[in-house]
Structure formats: structure tokens, C-alpha cells
Amino acid sequence: MDITHLTDSLNTPQREAVCASPCHQLILAGAGSGKTRVLVHRIAYLIQVQGVAPNQIMAVTFTNKAAREMRERLQQLLGDVGGPNRFSGLWVGTFHGIAHRLLKMHWREAKLPENFQILDSDDQLRVIKRVYQALQIDEKRWPHRQAQYFINGSKDEGLRAQHIQDSHDPYTTTMKMIYSAYEEACQNSGLVDFAELLLRSHELWLSSPELLKHYQDRFVHLLVDEFQDTNSVQYAWLRVLAGNACWVTGVGDDDQSIYGWRGAKIENIQQFEKDFSNTAVTKLEQNYRSTNTILSAANAVIQNNNSRLGKQLWTEDGDGDPIDLYSAFNEQDEARYIAECIEQWQKEGNSLASSAVLYRSNAQSRVLEETFLREGIAYRIYGGQRFYERMEIKNALAYVRLVLNRHDDPAFERVINTPTRGIGEKSLEALRLTAREQGCSLFDAAAALLANNVLPARAANCIKAFLALLDELQGGIDSLGLAEQVEYVINASGLYEFHQKEKGERGQARIENLQELVNACRAFNAEDADRAPIAEFVDNAALGSGEQQADEYQDAVQMMTLHSAKGLEFPLVFIAGVEENLFPHKMSADSAEGLEEERRLCYVGITRAMKKLVLTHAESRRLYGSETYNPLSRFIREIPEKCIQEVRLKAVVTRPANVANVRKDNALKAAYSDEGDGEFKLGQRVAHAKFGEGVILQFEGRGPGARVNVAFTDAGSKWLMMQYAKLQAVER
DNA sequence: TCATTATAGCGCTGT
DNA sequence: GCTATAATGA
């Protein structure tokens with residue numbers, strides 16, 4: 001058989017991995033070394049050359065994005081070979097998605113109600129808060145977040161509350177108590193959080209040997225992407241499923257392990273070779289993505305980490321452009337510089353979508369966003385406040401969830417008084433109390449209280465009306481299509497009207513989001529014929545796989561955190577806020593492991609860039625309300641000097657830059673051309689009678705009508721008319 | 001008793 | 001900045 005289409009485009013180590021005879025494989029693939037390509041070609045090879053049936057293969061990823069990409073690339077490779085269903089039965093999905101699928105199919109064995117719902121971390125926190133109330137725990141002494149962290153951390157390690165060692169310290173005792181009550185609350189309401197999906201499906205293997213046997217017999221090849229991100233439960237889950245007769249392929253890069261805080265264990269890579277005998281190890285070190293300069297920087301940075309398996313990326317590509325380093329006065333100036341560079345990039349004939357701005361924390365996106373908006377640069381933000389996490393969307397979905405499962409307490413609490421219908425804290429407290437005493441759901445409690453006639457008339461009427469509404473919703477969605485169902489729920493619940501009455505642009509935005517939700521329903525393709533599409537839609541929303549937004553195809557600058565950039569590549573990459581306390585983040589600075597993880601994150605960021613990398617930092621930054629002055633990130637000093645060129649505005653070069661070549665590139669000409677009037681320059685420190693001292697960021701126009709943008713120390717940044725502002729130059 | 005409005009406290013990364 | 005609580009008004 002002709003297999004050139006599978007091997008043509010591969011280098012020697014890649015080809016060896018793809019064409020290996022059945023065996024356990026560990027592929028250590030550096031950034032940009034063609035990891036996904038190898039994985040996809042390997043699957044195609046198994047099917048087309050080794051005759052493995054598609055339904056004997058499972059491929060697991062971490063993000064929905066990666067799963068989607070793998071599916072698409074498989075389709076490209078195999079699509080025309082054997083008709084549309086050529087690889088039906090092949091399982092491609094995220095750990096969470098596959099675990100969810102298993103639990104849905106085997107809910108009885110997993111001891112879950114058939115219509116169990118997924119809890120996102122927001123919902124989870126709500127449940128925890130309710131547990132605090134029930135147990136009368138002081139949230140001042142034990143912050144809610146701490147309990148959430150404890151619960152998730154325990155689950156990631158495969159530990160139930162009962163497995164937590166009893167000890168005499170109050171911390172463990174309290175946490176164990178909370179964990180235990182939380183488990184009970186979830187079980188009673190049929191709720192499953194993210195970590196629970198994994199833990200539960202692992203327990204499913206252990207408690208149902210015949211079920212496990214079925215899947216062990218079925219899957220002959222197990223392929224796992226981003227292996228360095230697996231946590232203890234995921235690894236245990238894999239090992240059990242693999243059994244003794246399954247070939248496991250792990251693909252990963254220890255240098256890109258950035259989810260330690262979520263329980264990921266790099267050690268799993270080392271453990272792999274011990275647990276699966278005769279593992280063939282392949283290293284992919286040739287990089288096809290970046291210039292030599294970018295790779296040198298990445299290699300130099302990551303070399304400062306101690307615990308590494310050891311890899312050195314190389315490329316046949318030339319040196320390319322140096323890495324630019326821009327020192328901004330503040331975050332406004334930083335954003336302005338980035339916007340200018342992007343405009344220049346676009347003028348040179350590049351698309352906006354070929355550029356990306358990466359940052360350590362989502363809070364940084366706001367200033368960038370405002371600047372892009374002002375400059376008319378289209379942008380698209382990934383992550384941050386996600387669509388399905390918006391309040392109005394969660395409210396709408398809560399109604400849907402209640403229709404599907406009335407015992408879903410978090411959903412019940414969320415909407416019982418949204419829109420306001422006269423059921424306040426007092427009534428709710430009565431419901432909670434009954435639910436707690438009876439060990440039943442809030443819904444049952446409401447019904448019971450009404451039946452017993454123990455509520456004040458007014459509250460009783462309101463609750464009665466709410467329950468009637470639920471009935472009405474349930475009746476109303478029969479025989480409607482998915483989108484119409486959701487539309488109906490939004491209208492009949494009064495949510496639409498509620499948000500319409502909200503003042504300001506906020507309400508308008510929420511209405512638009514709700515409409516967007518209906519659109520998303522319309523575009524949704526249900527896959528599981530056995531389930532109501534609406535139920536599947538809600539689960540999908542909770543698992544975050546509906547992440548596509550409306551403007552997906554618009555040409556726009558891509559903005560995201562460094563974490564969510566993993567696996568992506570862009571010709572032009574900005575990393576903003578390369579400062580101590582921000583990157584590396586101050587929360588990670590006190591531990592060696594924390595710092596090494598930050599460094600790996602930096603490595604991930606650098607290696608996203610194909611042609612050009614720009615690093616920016618701000619000398620002063622307004623963060624969380626107060627002004628901060630952060631020194632340059634240590635990571636910058638770890639990059640060889642020859643790779644970097646410092647870009648500074650002429651106006652503020654008061655001391656010689658310590659890097660040889662200070663460049664006057666095209667992007668900066670725009671800045672030079674508007675140098676302003678006479679004594680005032682960009683970066684000039686000025687004083688204003690009312691606003692105090694500040695720094696000039698930008699000029700617009702000339703003569704008496706000219707305007708100037710000044711970032712004031714106390715008053716924030718303002719646009720002022722030159723002729724009225726009466727600015728005084730301040731000598732530094 | 002509930003709804004609305006003003007103020008204090010807290011903040012990383014994400015399935 | 002946003003959310004959770006406290007104080008105020010209906």
C-alpha cells in the first residue's frame with residue numbers, strides 16, 4: 001500500500017514514531033516540533049496500514065480546542081478514503097469530555113441520577129458557601145476559596161473525604177468536614193464538578209470490572225496528548241483502562257508543563273517508562289515554527305530550570321528579526337505601543353489574525369482592549385470571562401437545567417428570585433432549612449412547605465408562582481426545536497424583560513448575549529440520538545466546548561493568557577507585562593517549583609512566535625486599583641543579549657541603553673511624527689493645576705486645537721486641549 | 001419583608 | 001473593577 005501521503009512530510013524521528021510497530025511509545029516533543037502532526041499521522045497509519053479498526057482507538061487531549069483540531073486534521077488525512085463514516089467509533093476528546101460521556105452512558109453503575117448536571121467552578125463555590133452555612137463555619141477563618149482548593153486538590157489526587165487522614169490540626173479537620181458535607185450535597189442534587197468527572201469515572205472502572213473489561217477489550221490503542229499535564233487521577237484512569245493488552249502513546253513536553261497548580265504531575269512522564277515496559281522513547285527536537293533567534297531565547301530561558309528531561313530545540317531557519325523589548329511608562333503606553341506595532345504590521349500587508357498579544361493574567365486585557373477599540377483595531381479575546389460564564393447566560397441555562405432536573409439546587413437558588421419575584425432571603429432560608437432537615441432538594445422543600453401551609457401567605461404565593469412557572473416552562477418546550485426551546489425559556493421566565501429594563505449599556509449587552517445564546521443553539525449539532533438535544537447543549541456549555549464566538553472568522557488580533565496560548569502559533573507575538581510580580585507572578589515567587597513553572601510558561605510564550613517576538617513591560621502599572629512599580633522580569637535577563645534589541649522612544653532616552661542597537665523602526669515613526677509643540681515631548685513629565693503631575697503619552701493634531709494625552713499619577717489618563725490645559729514642564 | 005442603593009473587601013493561570 | 005454585605009426606602 002502506498003503510504004507516502006502519511007510519511008512524506010515527516011523527518012526521521014517523526015517517521016519512526018508514526019511507523020512504529022505496535023508498542024508503548026513516549027514522544028518527547030518540543031514546542032513546534034510537529035507534535036500534533038505526529039499524533040494524527042500515527043492514528044492514520046494505525047488505521048490504514050496496520051488495519052486497526054477506528055473504534056479500537058482513543059485519543060485524549062486536554063482542551064476542546066486541541067480535540068477539535070485533531071478531529072479536523074484526521075478528517076483531512078482520512079476523509080476521502082472511505083466515506084464520511086470512515087472513522088466513526090474513534091474516540092477523540094478531552095479527559096473531561098470522555099469521562100462525562102462514560103458517566104452519561106453508565107450513570108447507574110456510577111451511582112448518579114440519569115440527569116446529573118455539571119458544576120463549573122462558580123457553581124461549585126456556591127455549593128461550598130451553602131455548606132458553610134449549614135455547618136456554621138466561619139468564612140473569615142476558612143475562606144471559601146481555600147475549601148474549594150482543598151476539595152479539588154484532594155479529588156485530583158484521587159482522594160475522597162473518607163480517605164483524608166484524620167489529624168488533630170484544625171485545618172485538616174475543618175476541611176475534611178466541609179469536603180464531606182460538600183460530597184453529600186452534590187450527591188443529593190445530582191451534581192458533578194470537573195474533578196469529580198474524572199474521579200468518578202476512575203471509580204467506575206474499579207467498581208465495575210465487567211464494564212472495565214468491555215472497554216479494555218475494545219480499545220487497543222490509547223494516545224494521550226500533552227502528557228505532562230495529566231494529574232494523578234487521569235494517569236490512574238489511563239493505567240487501569242490500558243490494562244495489559246493495550247498500547248499506550250504519550251506525547252508531551254516536560255518544558256511545557258504549566259498546570260502544576262491544577263494537580264498536573266510532570267513525574268507522570270518519568271513514571272510512564274516504569275509502568276509500561278519496553279517503551280520506545282522518541283525525542284522531537286527539530287523546530288519548524290520559529291526563527292533561530294526566538295529559539296535561542298527560549299532555550300536559554302528554560303535552561304535555568306533544574307528538573308528537566310533535557311531537550312534542545314534547533315531549526316534550519318535563519319536568525320530572523322531580533323526580539324524587541326519595549327519599556328513603557330505605564331500600561332497605557334504599553335498598549336499604545338502594541339497597537340502601533342500592529343497597525344504597522346497590518347500596513348506591511350499582514351493580517352491582524354496573524355498577530356497575538358499574550359499576557360499573564362486576564363486583568364491585563366482591559367487596557368489593551370480599550371486601546372484597540374479606540375484605534376479601531378479588531379480584536380478577539382480568548383478566555384477571561386467566558387461566554388457561558390456570564391451571569392445572564394448562566395441564568396438562562398439555570399432555567400433550562402431546572403426544567404431538565406428540578407433537584408439541581410444551584411440552578412434553583414440562582415433563579416428563584418431572578419428576575420425578582422418577591423422571594424427574598426427569609427423565604428430562601430426557610431427552604432434551605434427544610435431541605436437540610438429532610439435531606440431533600442430545594443424544590444422538594446418548596447413543595448413540602450407549600451403543602452404544609454407553614455409559610456406566610458405572601459411568600460407562599462410567590463413560591464407557588466415560581467413552581468407554576470417551572471411547570472409552564474416544562475410544558476411549553478415540548479415539541480419545539482432546540483433554539484426555540486431556549487428562546488421560549490428566556491422569554492417566559494421573564495429574563496428577557498428583566499435585562500431589558502436594566503439601565504445603561506449593560507442591559508443591552510446582556511440582551512445581545514441572550515440572543516447569541518439562541519444563535520448558538522441554532523448552530524449546535526447534537527450527536528447523541530438517545531438524549532434530548534437541549535440536555536446535550538447544556539452539558540456542552542458546562543464543559544466549555546461551545547467556545548466559538550460569533551466573530552470567529554473576522555480578521556482580528558488574538559488576545560489571550562499565556563496559558564491558553566499553549567499549542568498555538570502566530571507570526572507576530574507580543575508578551576505584555578514582562579515584569580517581576582506579574583510575570584513571574586508574585587504568588588509563585590516564593591517557591592522554587594512555582595518559579596520553574598513560571599519559567600516554563602515563559603518558554604511556552606516565547607515559542608508561540610514564528611517570525612517576530614516583542615516583549616513589553618511598564619515602569620509603572622495600575623493594577624488592582626493602586627500604582628505599582630515593578631522591576632523588569634528576571635526572564636528577560638535570562639535571554640542572551642544578542643537576541644534582544646531595546647526599543648525606546650527617542651524622547652525618553654535619558655541614559656544610554658545598555659543594549660547595542662537602539663532601533664528607529666517604522667512602527668516608531670508614527671510616534672516621532674507627532675512630537676507636539678515646542679517644549680513638550682512624548683514622555684515629558686508635566687504638571688496640571690487640577691490633576692497634578694503626569695506623563696505625556698500622545699499628541700493629536702497641531703496648533704491651538706492640538707490635544708494631548710497625559711497619564712496623571714493620581715487622576716488617571718486624560719485627553720486635554722493644549723490651549724486650555726496650561727501644562728507646566730517638570731524637570732526630573 | 002423585600003428591593004434598591006451605597007460602601008467595603010479582594011483580586012492568577014482553567015477543564 | 002467586581003461582588004458581597006450593610007444600610008436605607010417602600
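Each chain gets a letter, A, B and so on, in the order the sequences are listed, and its residues count up from 1. Everything numeric in this text was worked out from a predicted model, so none of it was measured.
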If stacking means aromatic ring centre less than 5.5 angstrom from the base's six-membered ring centre, planes under 30°, is A:His563 stacked on B:dT13?
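No; by the centre-distance and plane-angle rule, A:His563 does not count as stacking on B:dT13.
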Stacking check: are the rings of A:Trp261 and B:dT13 less than 5.5 Å apart at their centres and under 30 degrees in tilt?
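So A:Trp261 counts as stacking on the base.
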How is [X] classified with respect to the nucleic acid when contacts are heavy atoms under 4.0 Å: base, sugar-phosphate, or nothing?
| X | answer |
| --- | --- |
| A:Lys129 | sugar-phosphate |
| A:Asp120 | nothing |
| A:Phe95 | nothing |

[X] [atom1] - [N] [atom2] separation (whole Å):
| X | N | atom1 | atom2 | value |
| --- | --- | --- | --- | --- |
| A:Tyr259 | B:dG14 | OH | P | 6 Å |
| A:Asn461 | B:dC2 | CG | P | 13 Å |
| A:Phe62 | B:dG14 | CZ | C1' | 12 Å |
| A:Glu226 | B:dT15 | CD | C1' | 13 Å |
| A:Lys140 | B:dG9 | NZ | P | 9 Å |
| A:Arg145 | B:dG14 | CZ | P | 13 Å |
| A:Lys566 | B:dT15 | NZ | P | 11 Å |
| A:Met560 | B:dT13 | CE | P | 15 Å |

Where the side chain of A:Arg458 is defined as all heavy atoms beyond and including C-beta, which of B:dC12, B:dG14, B:dC2 is the nearest nucleotide?
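That would be B:dC2.
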Could you please name the option among B:dC2, B:dG14, B:dT4 that lies closest to any side-chain atom of A:Thr420?
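The listed nucleotide nearest to A:Thr420's side chain is B:dT4.
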Which atom pairs, donor and acceptor, lie under 3.5 Å between side-chain atoms of residues 98-105 of chain A and protein residues at least two apart or in another chain?
unit_1, atom_1, unit_2, atom_2, d
A:His100, NE2, A:Asp539, OD2, 3.4
A:Lys104, NZ, A:Glu114, O, 3.3
A:Lys104, NZ, A:Phe116, O, 3.2

In terms of the angle between their ring planes, are [X] and [Y] parallel, tilted or perpendicular, with boundaries placed at 30° and 60°?
| X | Y | value |
| --- | --- | --- |
| A:Trp205 | A:Trp237 | tilted |
| A:Tyr132 | A:His144 | perpendicular |
| A:Phe372 | A:Tyr379 | tilted |
| A:Phe583 | A:Phe635 | perpendicular |

On DNA chain B, compare the nucleotides closest to A:Thr94 and A:Met587; which residue's is nearer the 5' end?
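Its nearest nucleotide lies further toward 5', so the answer is A:Met587.
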Please check the phosphate of [N] (OP1 and OP2 only) for any side-chain N or O of [X] closer than 4.0 Å.
| X | N | answer |
| --- | --- | --- |
| A:Asn362 | B:dG11 | no |
| A:Ser121 | B:dT15 | no |
| A:Ser564 | B:dG14 | yes |
| A:Ser427 | B:dC2 | yes |
| A:Asn417 | B:dA3 | yes |

Over-ring placement of A:Arg390 relative to A:Tyr388, 6.0 Å and 45° cut-offs:
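No, cation not above the ring by the 6.0 Å, 45° rule.
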Identify the 5'-most and 3'-most nucleotides of DNA chain C with at least one atom closer than 4.0 Å to a non-hydrogen atom of chain A.
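From 5' to 3', the first and last contacting nucleotides are C:dG1 to C:dT5.
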Qualifying salt bridge (charged side-chain N to carboxylate O under 4.0 Å, His left out) pairs, either residue in residues 145-161 of chain A, two or more places apart
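Applying salt bridge (charged side-chain N to carboxylate O under 4.0 Å, His left out) to every pair that reaches into residues 145-161 of chain A, excluding sequence neighbours, yields A:Lys155-A:Asp193, A:Lys155-A:Glu196, A:Glu157-A:Lys265, A:Arg160-A:Glu183, A:Arg160-A:Glu196, A:Arg160-A:Glu203.
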With the side chain counted from C-beta on, respond yes when A:Asn305 and A:Arg600 share a heavy-atom pair under 4.5 Å apart, and no when they do not.
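They are in contact (side-chain heavy atoms under 4.5 Å apart), so the answer is yes.
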